[in-house]
Number of protein chains: 2
Amino acid sequence: MGRSTKADRSSTPAKQTRDPEATKAQILDAAEEEFARFGLNGARTEAIAAKTGVTKAMIYYYFGSKENLYEAVLKSYPDNFLDVVKRLNVEDLSPEDALTAMVRAGIAHEISHPHQGKVLLHEAMQNGGKYFKLTGGWEEAIGHGMEILNRGVAEGYFRPLDSFLTMIHIMGVITFYFNAENNLKNIDTEREWLSPSAIEQLTESAIAFILAGVKATSEKQS
Amino acid sequence: MGRSTKADRSSTPAKQTRDPEATKAQILDAAEEEFARFGLNGARTEAIAAKTGVTKAMIYYYFGSKENLYEAVLKSYPDNFLDVVKRLNVEDLSPEDALTAMVRAGIAHEISHPHQGKVLLHEAMQNGGKYFKLTGGWEEAIGHGMEILNRGVAEGYFRPLDSFLTMIHIMGVITFYFNAENNLKNIDTEREWLSPSAIEQLTESAIAFILAGVKATSEKQS
DNA sequence: GTCTATAGTACGATAGAC
DNA sequence: GTCTATCGTACTATAGAC
């Protein structure tokens with residue numbers, strides 16, 4: 001990730017070597033983390049600056065205001081999850097395999113983008129979803145999931161169901177573990193919540209639960 | 001906004017008639033709403049006072065600090081959900097019926113206590129679950145749910161499963177609809193998310209999903 | 001492009017009158 | 001027990017030097 005330009009002969013990267021792109025990206029990253037924790041309202045530009053290594057003034061130089069920075073964070077999302085879903089090529093798979101792949105991708109996405117879901121939850125809870133539309137990918141991703149479910153129902157693999165509500169159930173299963181982790185830690189203090197093996201357990205459990213939750217009781221009856 | 005002082009013998013209750021208990025309760029209610037929206041950090045005591053009808057000074061008179069007020073809100077919870085669960089007398093029911101009753105109670109609880117789950121989510125996301133233990137009831141309620149699942153597995157009604165992870169899945173299904181509502185609204189703008197009929201749809205869909213998710217594929221094999 | 005310094009404001013908390 | 005007034009601070013945002 002050697003994003004530093006210029007000399008940078010010593011170990012300490014620090015202090016910003018006048019690389020605008022790097023600075024902007026750094027601010028965005030730090031902002032995402034802060035917004036994931038506190039939401040738009042509770043986030044502090046000073047805290048963002050402190051994490052970044054650049055000064056607060058840079059936030060305003062590049063983004064103009066805290067609100068604009070927040071919007072920039074939301075706009076940086078569309079590429080992420082939808083692209084992952086698209087790359088699954090679920091059309092070539094059976095509904096079961098497509099759904100399994102989607103759940104697996106959803107959990108993997110929580111691991112690789114640990115802040116995104118939390119930013120969006122804060123958005124729902126404190127801003128009334130006012131800025132949600134800036135993240136264009138979700139609507140399409142959910143639609144993608146609904147198609148899988150509807151196809152499974154039509155082909156008799158899945159039981160009759162409301163595909164929109166069922167997608168909401170599935171998103172709840174995928175995200176709750178991560179969003180509530182810090183509370184749940186108090187109940188199972190032994191578990192290493194984000195270790196690879198714990199995540200593998202979660203993934204297997206979630207897939208079993210979700211697949212069973214939608215499957216037809218009798219076998220394919222077409 | 002008739003906040004008028006003095007006489008005001010007319011309908012408007014307003015202005016506090018020096019009822020300490022009522023004032024304290026009012027502050028707690030307004031605080032819960034504010035904390036549900038913004039969490040401890042983002043909440044504003046001024047906003048709480050504004051909702052309450054009493055002045056900001058009363059918060060400090062009764063609770064000492066914003067943090068103490070937050071703790072008081074968390075401590076006011078244990079009675080709530082656990083009591084509901086206990087009152088189900090799940091021991092007298094089959095595992096399926098017990099689980100159904102629990103899901104129904106969980107969704108009903110989200111409706112009757114719309115702020116509680118959000119306060120706890122904020123707690124997990126922004127305070128690292130530091131204050132979570134103040135809500136004593138959850139650990140026991142989850143344990144209660146795990147017993148239902150374990151009994152169902154032991155008696156062959158449910159498939160083999162990890163009852164702790166499965167309870168997390170179930171909590172995700174029950175809560176995500178409500179926590180993400182304001183985002184989801186942007187996707188289905190027609191739905192009246194909290195209308196009785198919408199909630200009944202949600203309840204039926206969630207019960208079908210969760211029960212299918214844990215049931216053994218073959219019938220009871222004891 | 002990045003920093004320091006600061007204006008202006010909003011917030012948490014307290015003092016003192018009634 | 002409740003209010004008004006205010007202190008001190010921490011925050012968003014800007015101006016100006018380098």
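Letters go in sequence order (proteins before strands), and every chain restarts at 1.
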Under 3.5 Å, is there a donor-acceptor pair linking the side chains of A:Lys185 and A:Asn182? yes
A:Tyr62 OH to D:dA13 C1': how many Å, rounded? 18 Å
What is the distance from CG of A:Asn68 to P of D:dT14, rounded to the nearest Å? 10 Å
Any idea how A:Phe35 and A:Tyr70 line up, ring-wise: parallel (<30°), tilted (30 to 60°), or perpendicular (>60°)? perpendicular
Hey, is the main chain of A:Lys86 close enough, under 3.5 Å, to the side chain of A:His144 for a donor-acceptor pair? no
Whole angstroms only, please: what is the CZ-P distance between B:Phe38 and D:dC11? 17 Å
Output yes when at least one side-chain N/O atom of A:Thr55 is less than 4.0 Å from OP1 or OP2 of C:dC3, else no. yes
Does the side chain of A:Thr23 get closer than 4.0 angstrom to OP1 or OP2 of C:dT2 through an N or O atom? yes
Can you give one letter per nucleotide of nucleotides 11-18 of chain C, 5' to 3': B if a protein heavy atom sits under 4.0 Å from the base, S if only from the sugar-phosphate, - if neither? SBBB----
Distance-only polar pair, side chains of B:Tyr177 and B:Glu110, donor-acceptor under 3.5 Å: no
Is the NZ or CZ atom of B:Lys24 both under 6.0 Å from the centre of the six-membered ring of B:Phe63 and within 45° of that ring's axis? yes
Tell me the interatomic distance from B:Lys24, atom NZ, to D:dT2, atom C1', rounded to whole angstroms. 16 Å
Under 4.0 Å between a side-chain N/O of B:Tyr61 and OP1 or OP2 of D:dC3, yes or no? no
Quick check: do A:Phe178 and A:Ile111 have side-chain heavy atoms less than 4.5 Å from each other? yes
CE of B:Met58 versus P of D:dG1: gap in Å, rounded? 8 Å
